[in-house]
Amino acid sequence: MKTYSKFREDLQEALPAVLAAPYAIPALTFAAGAAANYLKGVYQAKRQGEGGRSQPVDYGQGEGSKPRPQATVRPAGAKADYKARLRAQQQARRAEVEANRQERAQQGIDQILGTDDERKAAAEARANQRQIQRELRRKATRERMDKAARERGLD
């Protein structure tokens with residue numbers, strides 16, 4: 001026979017489990033439902049094949065199965081034809097504008113640099129741009145230092 005103090009200890013140990021039961025039962029039910037839905041999805045995916053399509057897995061592999069007919073392509077309507085013509089016109093305009101731009105740029109270069117020697121010199125200058133910039137910076141630094149030395153009488 002249990003004593004009252006032993007009964008209270010047992011009750012205190014069991015009380016949290018009894019109080020948590022109303023929360024645990026729905027949680028277990030939810031977990032079981034989620035697992036069932038997952039397994040249902042796995043089963044359907046195996047049954048339908050990859051991509052979630054509705055044909056069985058062995059579609060096209062047996063003697064009696066036939067391949068599906070190719071989907072018919074709808075003929076393009078007046079709207080699609082109109083849009084295609086507009087796209088072609090826009091591309092032609094863009095190509096013409098680009099050609100005109102390049103032609104004007106070339107004419108501008110020819111006007112600025114008339115002779116072949118001048119064009120060659122300009123190309124060399126563009127190729128040696130870093131070196132030219134470095135020399136210009138050094139020259140500017142020397143000039144500033146000489147000016148400062150003259151102003152302070154250190155010349």
Side-chain angles (χ1 to χ4, degrees), residues 16-155:
V18 171
L19 293 176
Y23 301 109
I25 291 173
L28 291 174
T29 307
F30 176 77
N37 282 338
Y38 175 74
L39 292 175
K40 177 181 165 187
V42 169
Y43 172 73
Q44 285 179 347
K46 282 184 179 178
R47 205 175 102 231
Q48 292 178 352
E50 288 187 38
R53 298 176 64 181
S54 60
Q55 76 270 7
V57 173
D58 64 342
Y59 180 78
Q61 296 174 358
E63 291 180 46
S65 62
K66 300 177 192 172
R68 287 186 174 181
Q70 190 175 13
T72 58
V73 178
R74 292 183 183 169
K79 188 175 184 180
D81 292 340
Y82 175 72
K83 285 185 176 182
R85 281 195 309 272
L86 280 181
R87 271 194 300 274
Q89 288 173 358
Q90 285 175 348
Q91 287 176 351
R93 272 190 246 130
R94 285 184 189 133
E96 185 180 345
V97 166
E98 180 65 21
N100 288 341
R101 188 184 64 77
Q102 287 179 355
E103 184 181 338
R104 283 194 308 268
Q106 186 62 37
Q107 287 174 354
I109 289 173
D110 289 344
Q111 289 174 356
I112 293 171
L113 307 173
T115 65
D116 290 337
D117 293 336
E118 290 173 343
R119 284 192 211 117
K120 187 176 179 183
E124 288 177 12
R126 282 192 302 273
N128 298 328
Q129 191 68 27
R130 282 187 170 178
Q131 184 179 354
I132 293 170
Q133 291 294 327
R134 190 176 335 126
E135 291 298 325
L136 289 174
R137 282 193 302 271
R138 286 180 182 170
K139 182 179 177 184
T141 304
R142 276 193 302 270
E143 288 174 358
R144 282 195 306 264
M145 291 177 74
D146 290 344
K147 181 180 175 186
R150 278 193 305 273
E151 288 175 359
R152 289 177 174 70
L154 301 174
D155 228 5

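Basis for what follows: all heavy atoms, side chains included, without hydrogens, waters or symmetry-related copies.
- For K79, the side chain to side chain contact (heavy atoms under 4.5 Å, CB included) partners at least two apart in sequence or on another chain are K83.
- Summarising the geometry, atom OG1 belonging to T141 is positioned 10.5 Å from atom CG belonging to D146; distances are rounded to the nearest 0.5 Å.
- R134 contributes atom CZ, which lies 10.0 Å from atom CG of N128 (distance to the nearest 0.5 angstrom).
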Verify salt bridge (Lys or Arg N to Asp or Glu O under 4.0 Å) between E135 and R138, making sure each step is shown before the conclusion. CA-CA 5 Å; E135 291 298 325; R138 286 180 182 170; 3.6 Å; yes
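- Taking CD1 of I132 as the start and CD of E124 as the end, the distance is 9.5 Å to the nearest 0.5 Å.
- Atom-to-atom distance recorded for Q133:CD and Q131:CD is 11.5 Å, nearest 0.5 angstrom.
- The pair R101-E98 meets the salt-bridge criterion, since a charged nitrogen lies less than 4.0 angstrom from a carboxylate oxygen.
- A distance of 11.0 Å separates CZ in R152 from NZ in K147, rounded to the nearest 0.5 Å.
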